[in-house]
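Remarks on the structure that follows.
Order of the sequence lines sets the chain letters (A, B, ...), proteins ahead of strands, with each chain counted from 1. This one's a predicted model, so the numbers in the text were calculated from it and none came from an experiment.
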Amino acid sequence: MTDMTLNPIFETICRVKSNEPINREYRLIVLDAPSHILKCEPGQFFHLLCPTKGDLRPYLRRPMSIYGFYPEAGELHFLYKIAGEGTAALSALEAGENLNVVGPLGHGFDIQDDWQKLMVVARGVGLATLAPLAQKAQQMGRKLTAICSARSPEVLMSIDHFKALGAEVITVTDSEGTSGVEALEQLIEAHIQAEGVDAFYTCGSNRLLTMLQTICARHGIPGQIALEQQMACGVGMCQCCVRSFRRKDKIIHERVCKEGPVFNLQEAMGC
Amino acid sequence: MTDMTLNPIFETICRVKSNEPINREYRLIVLDAPSHILKCEPGQFFHLLCPTKGDLRPYLRRPMSIYGFYPEAGELHFLYKIAGEGTAALSALEAGENLNVVGPLGHGFDIQDDWQKLMVVARGVGLATLAPLAQKAQQMGRKLTAICSARSPEVLMSIDHFKALGAEVITVTDSEGTSGVEALEQLIEAHIQAEGVDAFYTCGSNRLLTMLQTICARHGIPGQIALEQQMACGVGMCQCCVRSFRRKDKIIHERVCKEGPVFNLQEAMGC
Amino acid sequence: MLDLSVNIGAMRLKNPIMPASGTFSEDCAKLFDIDALGAHVTKTITRDIRGGNPTPRVCEVRGSMLNSIGIPSKGVDYFKTNVIPFYDQYQTPLVVSISAGSADEFAQICEEVSVPGVAAIEVNISCPNIEADGKAFAMRPSTTEAVMRKLRAATDLPLWAKLTPNTGETTEVAQAAESAGADALVVANTMLSMAIDIHTRKPKLGNLMGGLSGPALKPIALRMVYQCAKAVSIPVIGCGGIATVEDVVEYLIAGASAVQVGTATFISPTVMVRLISELEAFLRTEGLSSVSELIGSIRDEEASDGVFFAEAAE
Amino acid sequence: MLDLSVNIGAMRLKNPIMPASGTFSEDCAKLFDIDALGAHVTKTITRDIRGGNPTPRVCEVRGSMLNSIGIPSKGVDYFKTNVIPFYDQYQTPLVVSISAGSADEFAQICEEVSVPGVAAIEVNISCPNIEADGKAFAMRPSTTEAVMRKLRAATDLPLWAKLTPNTGETTEVAQAAESAGADALVVANTMLSMAIDIHTRKPKLGNLMGGLSGPALKPIALRMVYQCAKAVSIPVIGCGGIATVEDVVEYLIAGASAVQVGTATFISPTVMVRLISELEAFLRTEGLSSVSELIGSIRDEEASDGVFFAEAAE
Ligand SMILES: Cc1cc2nc3c(=O)[nH]c(=O)nc-3n(C[C@H](O)[C@H](O)[C@H](O)COP(=O)(O)OP(=O)(O)OC[C@H]3O[C@@H](n4cnc5c(N)ncnc54)[C@H](O)[C@@H]3O)c2cc1C
Ligand SMILES: Cc1cc2nc3c(=O)[nH]c(=O)nc-3n(C[C@H](O)[C@H](O)[C@H](O)COP(=O)(O)OP(=O)(O)OC[C@H]3O[C@@H](n4cnc5c(N)ncnc54)[C@H](O)[C@@H]3O)c2cc1C
Ligand SMILES: Cc1cc2nc3c(=O)[nH]c(=O)nc-3n(C[C@H](O)[C@H](O)[C@H](O)COP(=O)(O)O)c2cc1C
Ligand SMILES: Cc1cc2nc3c(=O)[nH]c(=O)nc-3n(C[C@H](O)[C@H](O)[C@H](O)COP(=O)(O)O)c2cc1C
Ligand code: FES
Ligand code: FES
């Protein structure tokens with residue numbers, strides 16, 4: 001028996017519908033996916049078997065956050081950036097080719113009953129991870145404000161996506177000097193004062209993590225963070241993807257692929 | 001200095017012009033090749049770096065006889081049969097793609113001054129190896145008779161090629177019962193009686209080798225045979241491609257890639 | 001009817017496909033019916049709670065991987081209260097992999113896991129990460145023999161000794177394990193290796209070195225399986241780089257009575273079920289009626305000639 | 001000016017790229033200017049004329065190869081009258097690889113090839129094919145030390161000892177070679193392996209077993225180079241699976257003073273010239289002025305953390 005009391009995980013071959021750059025740095029791949037693999041939660045991920053393409057021969061799978069899942073349309077979306085061999089091979093996939101995916105994997109974001117006003121702080125591929133949260137917030141009738149950060153206005157992403165899902169969007173960029181930690185902290189503090197925030201969501205950098213931990217601790221606001229770590233199996237068996245967390249004054253290890261990728265913001269440790 | 005007193009060998013990337021089946025079993029690949037690599041002798045070969053294609057990942061190169069070399073047209077032709085991983089990958093190459101070739105390699109067929117009437121006995125891919133001999137014979141004004149053997153008339157190959165080069169062609173097939181050793185021996189003996197043969201050329205099987213050795217010994221006719229052996233380097237350095245030969249009552253080893261692939265028919269040993 | 005079953009000593013497995021230790025867990029039940037497997041083999045545990053090695057714990061090398069997971073362990077108590085009951089739901093025999101830093105501690109955990117629900121004990125005497133510079137018990141016949149004797153005295157369950165490719169004395173170690181009472185050999189664990197990031201100039205593994213697994217290991221482990229099968233009369237379980245049914249068959253022909261699949265599960269988590277059905281199809285195509293006809297059927301008596309003519313390619 | 005030169009003891013090589021023994025011959029001169037190389041290393045020879053192993057002598061494994069060429073040899077006289085004069089045409093130092101079945105015979109050939117035109121002698125004490133079941137001198141520190149002492153007494157030329165990956169005692173063997181007077185270590189030869197044709201059930205090599213070379217060997221040989229460079233103070237020459245400039249740099253960082261390229265030459269016979277120019281380009285891109293800045297520059301002091309955030313992929 002496949003143990004169906006556990007959430008099932010599928011290894012599935014999907015056809016590529018499209019795979020196009022969306023700006024100078026990021027690409028969107030859309031897969032034709034059977035609806036049974038699309039019972040996903042925001043923050044979950046798939047583990048992709050990037051193809052062999054010429055000299056590009058990635059061996060292990062590559063984890064990729066679910067950017068969008070549409071059971072009705074039978075579509076699964078990933079937003080990615082070319083980082084190395086695996087993602088380069090992924091970008092060479094053409095419409096009509098196949099991609100083997102394993103998922104959905106991991107524990108996604110929670111929206112607890114009393115979290116009405118949500119704030120997302122995201123940058124880079126973090127936006128891919130956080131975008132589905134906006135959809136869920138809309139479905140649950142929660143208010144969501146997204147601070148989207150990027151190097152420059154041209155590479156800001158997913159703004160329309162967030163807006164379409166009813167989110168309020170605040171953009172900050174390095175080139176405009178609005179994305180620094182201080183500026184961001186002021187912005188967030190002002191937002192907390194003006195409208196209140198019940199929960200924070202991020203998958204930001206070390207600096208962002210530290211800043212949000214301070215703000216959240218100061219105001220007693222809960223928060224969640226999606227983390228990354230190198231993965232082999234992606235489903236919990238190999239124990240390669242552990243990270244350290246501070247819990248009840250002890251340092252513990254948890255697997256990003258299984259206990260995560262979403263963790264309690266206050267417990268997460270930077271590097 | 002690259003030692004040009006030796007015949008140079010080139011590692012060259014060629015563009016595929018076409019790569020099509022020519023019958024149920026064989027395919028012809030035509031490469032765009034620079035003329036400096038086309039100073040070839042009939043019987044020489046190239047060592048091909050068959051590409052990675054999906055799950056097909058041949059590692060070592062694959063030796064392939066030169067089926068045709070046309071310095072003016074800048075074309076290099078190979079006639080091949082899909083035998084395994086390497087040739088399967090080769091067959092997946094499309095026009096416009098590249099193929100890395102090393103060659104020309106080995107020692108080809110000789111046509112000595114007093115060899116006026118040549119007889120070729122060939123079957124299967126052996127035809128690929130022997131075809132360029134017809135061209136050379138024509139250039140040198142020699143008479144060439146080719147016995148082309150095959151399983152059935154549909155898979156007979158290169159008949160027109162030989163005919164266009166002025167050769168007389170005799171076809172024999174398994175399905176017509178004309179290709180057996182006895183029938184062939186009679187045919188050849190009759191030809192020797194009627195017209196005479198100054199030299200034999202083959203790259204046949206064990207049975208063919210034994211039969212031709214007997215006939216040639218009986219009539220004191222010289223002969224040459226192109227042999228095959230698994231190869232790594234293809235140029236003489238690794239010593240993996242040795243075969244045994246009988247020479248002056250001793251068994252010696254020679255490299256098919258370097259001392260061969262063409263050897264004295266009487267010295268060759270079957271397996 | 002095709003017979004896929006094999007015997008590992010007194011144990012009968014319904015088929016020869018099982019996971020390799022450290023590359024399988026309860027999580028696999030979310031992916032496929034794990035009762036299809038010949039056996040369930042758990043990640044190596046130690047008596048006490050251990051944290052494992054620093055990250056990064058894995059990296060990729062051309063077509064294969066290195067790992068330096070180490071043996072993070074929740075300890076033997078957690079294992080008995082949580083893991084064994086989970087596998088109790090299944091018919092498939094449970095094989096528990098254990099390790100320890102000393103022979104006495106090894107014997108102690110061996111005794112502690114000799115409980116109902118456990119069908120056999122795999123003793124990981126070869127983990128290259130647990131002792132300094134990769135020297136494990138299975139590096140030498142003497143240390144193998146010593147630890148295996150203590151283990152033998154500690155349990156009545158079948159004992160599978162897992163060997164290492166890092167030794168230069170494979171057959172001697174195999175024979176030492178056999179003479180000390182091992183019921184089977186698992187051949188082999190990973191090969192001590194290294195990779196460096198040329199831009200940061202740091203080792204790619206937090207632990208500096210780690211074990212090579214995956215396709216690159218196959219020709220080495222296959223050679224060891226052949227050597228061991230010739231050297232001992234207990235069953236040999238092949239392990240190393242198995243990813244296709246051809247790999248499985250190659251190991252069986254070399255002398256393995258069963259095989260373990262490790263890294264391939266990371267590439268395709270459902271690979272083992274596929275291998276079982278492909279093995280069945282292979283037997284059918286080859287006109288064989290049982291897996292046992294393949295085991296040890298290598299034709300090594302004749303010096304193969306391999307000289308072939310044009311006809312061969314025709 | 002970029003300085004590609006390296007020192008192997010008292011020998012100065014114009015660059016660190018040279019062929020591995022058995023994968024290079026005079027034939028390469030038909031393909032490229034072999035004077036571009038850091039050294040010329042010849043196929044191992046023995047005193048007497050030998051035939052080598054039965055065919056097939058090579059086979060392919062996933063992404064790599066096995067060979068059981070053995071040491072076919074035309075003997076030392078042929079070598080002196082034909083091979084040495086050929087290489088005398090070139091400026092590049094000639095390194096002659098020798099082997100023998102006994103220490104005394106080894107010393108004898110060592111003396112015999114200590115002639116003008118030979119810059120150094122590589123002693124193949126690790127060939128897995130020449131003695132039963134792969135036990136070569138370099139399997140054990142004691143046998144390594146014994147043969148190396150005799151070799152040291154037999155010549156004044158630099159002696160390079162070629163180690164084997166088949167031993168479990170890499171550092172001990174390396175130290176034994178050093179203390180017996182080796183001037184450099186070549187690390188490493190091929191790893192004993194096997195492959196079986198599942199249809200004929202015959203070994204794919206006529207010799208049953210053979211040596212693994214090519215990319216699969218790289219993580220193993222790289223680990224050995226690192227271990228050896230830490231364990232001895234003579235130069236280490238890295239060898240195993242090198243195919244790209246990244247591989248070359250990885251070996252240099254691990255502690256190799258130069259590298260040998262073997263199997264990659266079969267895949268691309270002109271690879272070594274390309275590696276030399278790519279190494280130069282690499283130095284330039286990285287803002288380095290000499291190869292020596294790379295040698296042994298591994299940052300192994302810090303436990304690398306490797307925990308990274310989304311930003312890393314941004
Ligand atoms: C849960 C999760 C979700 C992710 N979601 C996204 C996403 O939506 N879009 C996106 O562009 N990227 C995402 N990443 C990062 C993505 O997995 C890496 O960029 C990718 O693995 C890089 O592979 P590569 O071969 O191109 O790069 P290389 O640097 O060549 O990879 C070498 C090895 O390191 C691993 N690796 C490298 N970077 C990372 C990383 N940041 N996290 C984990 N492993 C890494 C690779 O998987 C591979 O095993 C996510 C990572 C995790 C863990
Ligand atoms: C000098 C020479 C000329 C040749 N000319 C031709 C030709 O013109 N047309 C043609 O179709 N074939 C020719 N062959 C045979 C051709 O090289 C093999 O069919 C091919 O190597 C098979 O590779 P594969 O990966 O498809 O088969 P596999 O069986 O998967 O090959 C496995 C390994 O065995 C080697 N191998 C298999 N069969 C042969 C063989 N017959 N000879 C040498 N090595 C072999 C392969 O190179 C490879 O290393 C020639 C062989 C030689 C030696
Ligand atoms: C991530 C990982 C973790 C492993 N952990 C263990 C372990 O805990 N105990 C053990 O005996 N072997 C362990 N191994 C080794 C495997 O069981 C197996 O022997 C090895 O990986 C070779 O097989 P493969 O090539 O099929 O992976 C581990 C291997 C990997 C890749
Ligand atoms: C076909 C072949 C023949 C070899 N012959 C020898 C030899 O005669 N002497 C020797 O010391 N090493 C020999 N080797 C080993 C190589 O020199 C080298 O150590 C090994 O192949 C690893 O390097 P690579 O992965 O770059 O090939 C041979 C290797 C191959 C593949
Ligand atoms: S990736 Fe294997 S446990 Fe997380
Ligand atoms: S293939 Fe290397 S010597 Fe012939």
Side-chain angles (χ1 to χ4, degrees), chain B residues 1-13 37 46-52 55-63 84-86 100-106 227-244 250-259 269 271, chain D residues 19-36 42-43 50-74 86 89-91 204-206 210 213-216 243 262-271 273-274:
Chain B
M1 60 197 169
T2 310
D3 192 338
M4 287 301 177
T5 57
L6 307 165
N7 284 330
I9 301 170
F10 303 95
E11 178 180 350
T12 313
I13 295 171
I37 76 168
F46 274 82
H47 214 20
L48 313 187
L49 191 63
C50 301
T52 296
D55 283 344
L56 300 169
R57 304 184 191 185
Y59 178 66
L60 296 170
R61 286 176 181 263
R62 301 297 193 259
E85 191 167 16
N100 180 315
V101 307
V102 168
L105 296 169
L227 295 173
E228 298 190 352
Q229 179 60 291
Q230 208 149 347
M231 294 184 182
C233 73
V235 307
M237 27 186 188
C238 76
Q239 313 212 38
C240 83
C241 63
V242 294
R243 290 191 56 155
S244 302
K250 284 210 303 208
I251 304 282
I252 56 144
H253 286 128
E254 294 207 316
R255 287 164 293 190
V256 172
C257 75
K258 190 172 177 195
E259 285 82 38
M269 292 174 69
C271 46
Chain D
S21 176
T23 63
F24 182 73
S25 69
E26 299 90 299
D27 304 283
C28 293
K30 300 181 207 162
L31 274 142
F32 60 90
D33 177 5
I34 62 172
D35 238 351
T42 57
K43 166 85 182 164
R50 290 167 50 95
N53 287 325
T55 56
R57 291 180 173 185
V58 296
C59 74
E60 198 167 299
V61 292
R62 176 54 76 219
S64 294
M65 69 174 283
L66 308 187
N67 88 82
S68 60
I69 307 287
I71 314 268
S73 172
K74 296 193 177 157
F86 175 87
Q89 305 171 257
Y90 298 91
Q91 301 299 312
K204 286 194 177 174
L205 295 176
S213 65
T263 308
T265 290
F266 301 163
I267 308 310
S268 174
T270 59
V271 68
V273 264
R274 215 157 45 244

Requested in this report: Walk me through it: do B/Glu11 and D/Ser268 pass the test side chain to side chain donor-acceptor pair (under 3.5 Å)?
Outcome: CA-CA 7 Å; B/Glu11 178 180 350; D/Ser268 174; 2.7 Å; yes
Query raised in the report: Does a side-chain heavy-atom distance below 4.5 Å link B/Leu49 with B/Val101?
Result: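 No, side chains not in contact.
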Query raised in the report: For chain B, which of D/Pro19, D/Gly63, D/Gly22 has the most heavy-atom pairs under 4.5 Å?
Result: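 The option with the most such pairs is D/Gly63.
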Query raised in the report: Between D/Ala36, D/Gly52, D/Ser64, which has the largest tally of heavy atom pairs under 4.5 Å with chain B?
Result: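 Highest number of heavy-atom pairs under 4.5 Å: D/Ser64.
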**Report entry** Under 4.5 Å from any heavy atom of chain B - which part of D/Thr270
**Finding:**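 For D/Thr270, heavy atoms of backbone and side chain both lie under 4.5 Å from chain B.
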Query raised in the report: Do NZ/NE/NH1/NH2 and the carboxylate oxygens of D/Arg62 and B/Glu85 come within less than 4.0 Å?
Result: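 Counted as a salt bridge, because a side-chain N and a carboxylate O are separated by less than 4.0 Å.
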Requested in this report: Could you walk me through whether B/Val256 and B/Met231 pass side chain to side chain contact (heavy atoms under 4.5 Å, CB included), step by step?
Outcome: CA-CA 8 Å; B/Val256 172; B/Met231 294 184 182; 3.6 Å; yes
Query raised in the report: Going by atom types only, do D/Thr23 and D/Thr265 share a side-chain donor-acceptor pair under 3.5 Å?
Result: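 D/Thr23 vs D/Thr265: no donor-acceptor pair found between side chains.
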Query raised in the report: At a heavy-atom separation under 4.5 Å, does B/Ile9 approach chain D through its side chain, its backbone, both, or neither?
Result: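 Looking at B/Ile9, backbone and side chain both touch chain D.
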Query - B/Val235 versus chain D, the contacting section by heavy-atom distance below 4.5 Å - result: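 Both backbone and side chain.
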